[in-house]
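A short write-up of the structure that comes next.
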Amino acid sequence: MDLGLKDAAAVVVGGGRGMGLASARCLAEDGARVAVVGRTQAVLDEAVETLARCGSPDAVGLVADTTDADAMQRVFDEVGRRWNGELNVLINAVGPDAVGTFEDLTDDQWRAAFDGGVMGMVHCVRSALPLLRNAEWARIVNFSAHSTQRQSVILPAYTAAKAALTSVSKNLSLLLAPDEIMVNVVSPGSIASEALRGWAASVGVDGNDPYALMAAIDEHFGHPAHLPRAGSPDEIGPVVAFLASRRNSYMTGANVNVDGGSDFT
Ligand SMILES: NC(=O)c1ccc[n+]([C@@H]2O[C@H](COP(=O)([O-])OP(=O)(O)OC[C@H]3O[C@@H](n4cnc5c(N)ncnc54)[C@H](OP(=O)(O)O)[C@@H]3O)[C@@H](O)[C@H]2O)c1
């Protein structure tokens, strides 16, 4: 299916690795110009090489921390200069790193969860909006998480931040509907990204074995999917790419679970 992304201008925040990179690769394979944003130059350099190999005509890596509003403004100023003041696709794949029970978490950890999980996305969208509005068509996709729909006692701050992100995304879909800018959320289940494989290693499980990984997730988080294995970033990328594409002409304000099956809606 041609997604209509050829020469589209796209920014994937958190696109250096994991599901952000998998999404960026799908855009690149369809011919989009892709900028990936993250905090580590070396990670971005590697991602840019991958995207160029996949067919992106103008892949670039821009270093910035989403919690720094000024830095994100500079990123989108640069994107505007590069791509004639227009942006078709904004994907926010950054998530906070906040594990701990309600009783363990400090105020600083709660604030960090909301800074990384919500305010980072707010900074990106605010700075990107003039470029998105200038473009002939535009889409936003934000990453939430299935844990907003099924609680785990060790993820209250992460889950609260993701729930807030989902709510703000819904609000944005309403705000931007008159401009026909579609805003959607993807809620992954347990996906064997570098982050989750790192957690698996910390509990003595081989994160490269998707069946062992799902068993460990069931034990520690209580989030088993219907399918007996964890997903891979490559199973998320195509869904995000569709939502982010011109081909998505009538979905907005949706929260799409890509979680291997679950009881929640
Ligand atoms: N993996 C799962 O099972 C799972 C499940 C549900 C939801 N999610 C959500 O899905 C999204 C992608 O997850 P993932 O596991 O694929 O991610 P990941 O492997 O942890 O990658 C996250 C990317 O974001 C960048 N990043 C992190 N903090 C940043 C910041 N403050 N500013 C700029 N860049 C930042 C990282 O690069 P640097 O560190 O170099 O900046 C990295 O490239 C996240 O929002 C996550 O919360 C994941």
Side-chain angles (χ1 to χ4, degrees), residues 11-25 35-48 50-51 61-72 74-76 91-99 111-124 127 141-150 152 155 157-166 169 185-200 207 210 213-214 216-218 220-221 223-225 229-237 239-240 255-260 262 264:
V11 172
V12 184
V13 185
R17 60 171 195 243
M19 289 180 262
L21 178 58
S23 307
R25 279 183 26 229
V36 282
V37 180
R39 295 167 300 183
T40 316
Q41 185 73 60
V43 172
L44 296 180
D45 289 347
E46 210 175 306
V48 166
T50 301
L51 296 173
L62 301 170
V63 175
D65 187 326
T66 59
T67 60
D68 180 342
D70 294 339
M72 292 320 294
R74 286 193 291 277
V75 161
F76 288 98
I91 296 172
N92 292 295
V94 169
D97 183 15
V99 179
R111 285 193 198 96
F114 276 80
D115 272 352
V118 189
M119 290 313 298
M121 180 274 285
V122 169
H123 298 151
C124 294
S127 298
V141 181
N142 291 330
F143 274 76
S144 183
H146 74 154
S147 53
T148 60
Q149 299 163 73
R150 181 173 290 178
S152 162
L155 293 175
Y158 176 85
T159 297
K162 287 297 194 186
L165 172 137
T166 305
S169 303
V185 168
V186 167
S187 287
S190 299
I191 308 299
S193 65
E194 204 174 291
L196 197 59
R197 282 185 280 120
W199 168 82
L213 184 51
M214 181 53 78
I217 284 157
D218 188 9
H220 291 266
F221 296 88
H223 282 173
R229 62 171 178 86
S232 97
D234 289 342
E235 293 176 299
I236 306 295
V239 179
V240 175
N255 181 2
V256 180
N257 293 329
V258 191
D259 60 2
S262 55
F264 37 79

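Order of appearance sets the numbers: ligands from 1, and atoms from 1 within every ligand. The figures that follow rest on heavy atoms only: side chains count, while hydrogens, waters and symmetry mates do not.
- Between the E235 side chain and the S232 main chain, a donor and an acceptor come within less than 3.5 Å of each other.
- One finds the CZ atom of R150 at 6.5 Å from the OG atom of S262 (value rounded to the nearest 0.5 Å).
- In this structure a side-chain-to-backbone donor-acceptor pair under 3.5 Å is missing from R39 to D65.
- D115 and T67 share no side-chain donor-acceptor pair at under 3.5 Å.
- Evaluated for a side-chain hydrogen bond (donor to acceptor under 3.5 Å, both in side chains) with Q149, the options N257, D259, T166 yield exactly one hit, N257.
- Around ligand 1, the residues contributing at least one heavy atom under 4.0 Å from the ligand are G14, G16, R17, G18, M19, G38, R39, T40, A64, D65, T66, A93, V94, G95, F143, S144, A145, Y158, K162, P188, G189, S190, I191, S193, A195, L196.
- Between the OG atom in S127 and the CG atom in D70 there is a gap of 9.0 Å [rounded to 0.5 Å].
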